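Naming convention: chains lettered A, B, ... in sequence-line order (proteins, then strands); numbering from 1 in each chain. None of the values given here were measured: they were computed from a predicted structure.
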Amino acid sequence: MIVAPAGATSTGRGNRVAPTLVAGVDVSYDKTSPRITAAAVMMNVTTGEEVEAAVVHGEVSFPYVPGLLALREVPILLAALGRLVHRPEAVVCDGYGIAHPRRFSLACHLGVVTRLPTFGVAKTPFVATYDEPGPRRGDRSSLCDGDDVLGQVLRTQDDVKPVFVSVGHRTSLDQAASLTLDLSPRYRLPEVIRRADFLSREALRRNENR
DNA sequence: GCGACAG
DNA sequence: ATCTTGTCGC
């Protein structure tokens with residue numbers, strides 16, 4: 001007989017095992033120069049272990065404009081992702097996906113270009129309205145714009161500010177939120193994002209003092 | 001017109 | 001994003 005693989009969904013089309021190899025990406029900026037650094041970190045969600053990491057240096061090529069973050073960060077993020085040996089089954093971005101004024105932000109751009117499943121986990125509200133979710137880990141509410149559900153406001157730790165999860169490319173909101181919780185066993189933000197943030201900062205500092 | 005505005 | 005002191009809590 002035929003048996004569904006572990007982690008497979010049971011609802012019709014789009015069946016897919018939950019991703020195991022997940023990458024997180026982030027960019028750090030230098031205050032007094034155009035130098036920037038990006039890091040891509042891949043972890044095995046099942047074991048919680050880091051599989052590999054890549055860091056790249058570059059320069060800002062576009063100013064920060066609310067709503068156009070992708071134009072600023074996608075190029076160097078692609079460079080960092082390109083240095084990974086393994087192909088991630090999903091990529092987590094530090095920012096938004098479709099919860100955006102034009103419904104197409106960082107995680108969407110990165111997903112379309114790489115053809116990888118992507119989603120965004122943002123730290124502060126940007127667009128859409130929401131009700132404050134409950135106080136416990138796993139409590140959530142919808143990020144809405146009228147009748148459109150653009151994402152979830154998700155509490156990843158008890159009594160800690162929630163994060164804003166939105167789909168980027170080839171993934172469902174439920175899977176993105178579920179994966180965000182799996183990736184955040186101890187702290188507010190996904191471990192891959194914390195690691196990418198740390199590594200990009202560290203590399204930037206090192207590059208500054210030379 | 002005014003204010004707000006991911007990272 | 002980055003800067004930046006003290007402070008509250010495990």
Side-chain angles (χ1 to χ4, degrees), chain A residues 23-41 55-81 91-113 118-130 135-137 141-145 148-154 156-169 173 176-177 180 184-190 192-209:
Chain A
V25 293
D26 192 31
V27 181
S28 288
Y29 297 82
D30 182 11
K31 183 192 178 184
T32 58
S33 88
R35 286 181 297 208
I36 59 177
T37 301
V41 176
V55 172
V56 298
H57 295 281
E59 294 196 347
V60 289
S61 57
F62 199 85
Y64 170 68
V65 180
L68 301 182
L69 185 63
L71 299 184
R72 183 170 167 83
E73 299 198 340
V74 163
I76 194 167
L77 290 180
L78 285 175
L81 279 174
V91 178
V92 190
C93 300
D94 188 355
Y96 283 94
I98 65 171
H100 174 271
R102 301 275 145 43
R103 305 287 185 269
F104 207 84
S105 191
L106 186 59
C108 303
H109 284 262
L110 205 57
V112 169
V113 174
T118 63
F119 62 93
V121 176
K123 300 180 287 297
T124 60
F126 183 32
V127 292
T129 60
Y130 61 94
R136 315 294 287 178
R137 169 178 160 87
S141 59
S142 293
L143 247 189
C144 297
D145 181 18
D148 298 336
V149 174
L150 302 182
Q152 274 185 18
V153 183
L154 175 66
T156 55
Q157 297 297 327
D158 292 354
D159 304 310
V160 164
K161 284 197 308 178
V163 296
F164 301 78
V165 180
S166 58
V167 166
H169 188 63
L173 181 53
T180 298
S184 316
R186 177 82 175 86
Y187 299 101
R188 180 187 178 222
L189 297 177
V192 284
I193 292 296
R194 288 168 45 80
R195 281 290 294 161
D197 178 81
F198 179 83
L199 292 177
S200 61
R201 260 192 232 282
E202 182 184 59
L204 184 63
R205 274 192 1 238
R206 194 174 305 172
N207 198 41
E208 283 173 345
N209 305 322

Mind checking whether A:F126 and A:Y96 have parallel, tilted or perpendicular rings, split at 30° and 60°?
tilted
To the nearest Å, how far apart are A:E59 CD and C:dA1 C1'?
17 Å
Taking atom types as modelled, is there a side-chain donor on A:Y64 or A:E73 under 3.5 Å from an acceptor on the other?
no
How long is the line joining CG of A:D30 and P of C:dC3, in whole Å?
8 Å
Examine C:dA1: is either OP1 or OP2 under 4.0 Å from a nitrogen or oxygen in the side chain of A:K31? Give yes or no.
no
What is the distance, to the nearest angstrom, from the CG atom on A:D197 to the P atom on C:dA1?
7 Å
Counting any heavy atom closer than 4.0 Å, what does A:P101 reach on the DNA or RNA strands: base, sugar-phosphate only, or nothing?
nothing
Starting at CD1 of A:I76 and ending at P of C:dA1, how long is that distance when rounded to a whole Å?
15 Å
Using ring centroids (six-membered ring only for Trp), state whether A:Y130 and A:F164 fall under 6.0 Å.
yes
Over how many whole Å does the gap from A:L68 atom CG to B:dC5 atom C1' extend?
12 Å
Regarding A:G67, tell me which of base, sugar-phosphate or nothing describes its non-hydrogen contacts under 4.0 Å with the strands shown.
base
A:R205 CZ to C:dT2 P, in whole Å, measures 12 Å
Centroid under 5.5 Å and tilt under 30°, A:Y64 to B:dG7:
yes
note: A:D158, atom CG; C:dC10, atom C1'; distance rounded to Å ~ 14 Å
Without decimals, in angstroms, what is the distance between A:D26 CG and C:dA1 C1'?
9 Å
With a 4.0 Å limit, can you tell me whether A:S28 has a side-chain N or O closer than that to the phosphate oxygens OP1/OP2 of C:dA1?
no
